[in-house]
Protein chains: 2
Amino acid sequence: MSLDPRFSDEMRDRLPPKHDARWTLGISRRESMDEPVEKATRHLDLAARECVLDEGDEARSLYVILEGAVMLSKLLPDGRRQIIELLGPGDIFGLSTNRLSDVTAETVLPARIVVYDRHTAESSAALQRLVSERMKAQICALHDHAVLLGRKTAVERVATFLMRLVPNRGGAGCAGPLSERRPDQANVRVPLTRQEIADYLGLTLETVSRAFSQLKREGFLVYGRHDEVTIANVCRLCKCTGSH
Amino acid sequence: MSLDPRFSDEMRDRLPPKHDARWTLGISRRESMDEPVEKATRHLDLAARECVLDEGDEARSLYVILEGAVMLSKLLPDGRRQIIELLGPGDIFGLSTNRLSDVTAETVLPARIVVYDRHTAESSAALQRLVSERMKAQICALHDHAVLLGRKTAVERVATFLMRLVPNRGGAGCAGPLSERRPDQANVRVPLTRQEIADYLGLTLETVSRAFSQLKREGFLVYGRHDEVTIANVCRLCKCTGSH
DNA sequence: CGGCTAGTTGAAGACACTCAACGAGCGTGG
DNA sequence: CCACGCTCGTTGAGTGTCTTCAACTAGCCG
């Protein structure tokens with residue numbers, strides 16, 4: 001039995017291909033989230049690679065991701081792009097100090113999102129708690145990401161990225177290898193293109209590809225079909241992240 | 001008359017050297033902040049380079065900076081350091097999802113800081129508003145910084161850093177050059193060492209030094225005494241940041 | 001004066017980037 | 001059915017930017 005029944009070999013082939021909520025980015029460590037009780041202004045049901053919000057758009061709403069994944073990115077005038085955050089179920093976006101969004105938000109996976117207007121968001125205690133909780137978590141994630149962008153090598157960045165895709169591992173609440181006897185494997189899906197990973201990790205797509213190849217060559221990874229990757233030994237990969 | 005009377009040539013020489021609250025990092029665009037009404041658990045009155053909180057310390061309190069500047073940093077196990085955020089009056093820190101601080105906090109300038117325990121912070125509406133407001137602003141700043149770390153060249157990073165030191169310029173609320181006839185000058189103090197700037201910008205101290213030298217050679221900067229620098233033309237420097 | 005720290009500058013090297021070719025997978029249309 | 005075009009990923013060769021290592025200077029304090 002592998003780490004998580006959701007990702008076991010036996011089940012993998014039986015899973016519907018893309019449109020399954022079980023395939024999240026593994027980032028927020030849950031598959032989906034219950035909808036907050038307040039009446040939402042709107043519900044969004046989006047396919048992958050749909051734009052939710054553009055940098056500079058008016059942003060007077062609170063967006064809560066129920067299912068799927070969203071990426072936030074920023075562009076420099078000459079076209080250089082940085083993907084800032086990858087968000088999953090329970091995460092929020094759309095808030096900003098002034099009334100304009102400072103980032104572009106696009107879906108990475110098919111996503112269900114609820115939208116609350118500013119007034120509803122601010123007058124609901126439950127939503128305020130959610131917002132406060134999630135902002136703290138996002139700030140922590142941004143801190144880690146700053147270390148990655150400022151100080152890590154290409155292979156360390158890619159290893160760190162892959163570790164994020166493994167549920168319940170690598171973070172503060174790392175479960176550790178489940179059993180001594182079983183190989184510490186994990187199957188993950190990488191729903192981002194090399195270009196997107198590169199823009200997230202502050203690299204070029206070629207460098208990302210080379211880092212993947214190197215990890216594969218050295219036995220850390222085995223490519224599956226489509227965008228599936230098997231991490232041969234999660235603990236060993238974790239040692240490549242520079243953080244441990 | 002220069003942009004801001006605090007930074008005019010005429011006044012500069014008369015100012016007391018370091019221990020003046022007027023010399024903030026210019027980051028939060030204000031000199032100091034009124035103390036929130038709630039009764040604080042503690043008051044801290046710190047010199048420069050004092051440690052407030054270590055990565056991994058218990059963090060059950062909310063820290064509010066009234067005056068001065070604080071830097072948040074993280075270390076990798078092999079000693080690589082990334083300075084994550086530079087905070088000024090009005091900014092907060094110490095919050096984290098779990099009960100441990102994810103960053104180290106040290107003063108950059110002499111600082112006055114008030115500390116509220118978790119319970120006080122959570123039960124005061126005024127403090128909650130402050131926290132929410134500041135967290136949003138910090139997330140925006142972290143987004144910008146991710147772009148810098150992921151996508152900007154060394155000179156662009158240093159130029160962006162210098163622009164942050166100029167009050168009311170470069171950001172969303174950039175005032176623009178004040179007058180057509182006057183040179184668009186600004187005098188700033190750079191209270192960080194080259195090593196600290198390097199750790200903030202994801203570079204080495206030599207690269208930072210070379211970028212400063214290049215900007216000086218090309219007439220963007222004139223070195224003053226101590227850690228003072230004159231930006232010959234703020235608008236022109238802003239074009240070196242890659243953001244405009 | 002000597003010792004210390006901070007900053008500058010040069011030379012050589014490493015790591016990631018750029019440019020380019022090529023291959024796999026997939027949908028379209030003849 | 002296969003050819004075709006398209007996107008995405010891989011890999012190689014050469015280049016460039018930033019790093020590393022090292023020497024040297026300026027300022028400060030005892």
Side-chain angles (χ1 to χ4, degrees), chain A residues 17-18 47-49 76 78-83 108 148-162 188-218 220-229 240 242, chain B residues 17-18 48-49 76 78-83 108 148-162 189-218 220-229 240 242:
Chain A
K18 276 238 179 188
R49 323 288 145 173
L76 289 176
D78 62 2
R80 283 175 283 179
R81 179 174 74 157
Q82 180 66 39
I83 294 177
V108 176
L148 179 147
L149 292 172
R151 290 294 175 223
K152 289 191 179 181
T153 65
V155 171
E156 287 171 341
R157 294 182 201 205
V158 170
T160 307
F161 169 71
L162 286 168
V188 297
R189 283 189 66 202
V190 182
L192 301 177
T193 66
R194 294 290 183 263
Q195 181 65 64
E196 286 165 344
I197 299 169
D199 287 346
Y200 181 53
L201 300 179
L203 300 168
T204 60
L205 70 135
E206 294 96 334
T207 302
V208 171
S209 182
R210 278 185 244 273
F212 265 90
S213 297
Q214 185 183 330
L215 289 171
K216 190 175 63 157
R217 204 179 324 121
E218 294 173 0
F220 291 97
L221 305 179
V222 180
Y223 285 14
R225 69 189 78 171
H226 303 299
D227 50 3
E228 291 169 29
V229 173
C240 297
Chain B
K18 274 237 178 189
R49 319 289 144 175
L76 289 177
D78 62 2
R80 284 175 284 177
R81 179 173 73 158
Q82 179 67 39
I83 294 176
V108 176
L148 179 147
L149 292 172
R151 290 296 176 219
K152 289 191 178 181
T153 66
V155 170
E156 286 172 341
R157 294 182 199 204
V158 169
T160 307
F161 170 71
L162 285 167
R189 282 190 64 202
V190 183
L192 301 177
T193 66
R194 294 287 184 265
Q195 180 65 64
E196 287 165 343
I197 299 169
D199 287 346
Y200 182 53
L201 300 179
L203 300 169
T204 60
L205 70 133
E206 295 95 332
T207 302
V208 170
S209 182
R210 278 184 244 273
F212 265 90
S213 298
Q214 183 183 331
L215 289 170
K216 189 174 66 159
R217 204 177 326 121
E218 293 172 1
F220 290 98
L221 304 178
V222 180
Y223 285 14
R225 70 188 76 172
H226 305 298
D227 50 3
E228 290 170 30
V229 172
C240 297

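Below, chain A is the first sequence line, B the second, and so on; all start at residue 1. What you see is a predicted model; the values in this text were computed from it and never measured.
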Just the rounded figure in Å: distance from [atom2] of [N] to [atom1] of [X].
{"X": "B:Leu149", "N": "D:dT17", "atom1": "CG", "atom2": "P", "result": "20 Å"}
{"X": "A:Gln195", "N": "D:dT7", "atom1": "CD", "atom2": "C1'", "result": "13 Å"}
{"X": "B:Arg157", "N": "D:dC18", "atom1": "CZ", "atom2": "P", "result": "8 Å"}
{"X": "B:Lys152", "N": "C:dA16", "atom1": "NZ", "atom2": "P", "result": "22 Å"}
{"X": "A:Arg151", "N": "C:dC15", "atom1": "CZ", "atom2": "C1'", "result": "15 Å"}
{"X": "B:Arg194", "N": "C:dT5", "atom1": "CZ", "atom2": "P", "result": "18 Å"}
{"X": "A:Leu205", "N": "D:dC8", "atom1": "CG", "atom2": "P", "result": "10 Å"}
{"X": "A:Arg225", "N": "D:dG9", "atom1": "CZ", "atom2": "C1'", "result": "19 Å"}

If you look at every heavy atom in B:Thr204 and B:Ala198, which pair is closest and at what distance?
C-CB, 3.4 Å
In short, A:Arg151 meets B:Leu76 closest at the heavy-atom pair CB-CD1, 4.3 Å
Compare the minimum distances between each of [options] and the side chain of [X], then state the nucleotide with the smallest one.
{"X": "B:Glu206", "options": "D:dA22, C:dA16, D:dT11", "answer": "D:dA22"}
{"X": "A:Ser213", "options": "D:dT10, D:dT19, C:dC17", "answer": "D:dT10"}
{"X": "A:Leu203", "options": "D:dT20, C:dT8, C:dA16", "answer": "C:dA16"}

What is the distance from atom CD1 of A:Ile197 to atom CZ of A:Phe212, rounded to the nearest 0.5 Å?
4.0 Å
At what distance, to the nearest 0.5 angstrom, does CZ of A:Arg157 lie from OH of A:Tyr200?
12.0 Å
Strictly below 4.0 Å: does [X] bring a side-chain N or O up to OP1 or OP2 of [N]?
{"X": "A:Thr207", "N": "C:dA16", "result": "no"}
{"X": "A:Tyr223", "N": "D:dG9", "result": "no"}
{"X": "B:Ser209", "N": "C:dT9", "result": "no"}

Are side-chain heavy atoms of A:Gln82 and A:Leu149 found at a separation under 4.5 Å?
yes
Would you say the side chain of A:Arg210 and the base of C:dT18 hold a donor-acceptor pair, judged only by whether the two atoms sit under 3.5 Å apart?
yes
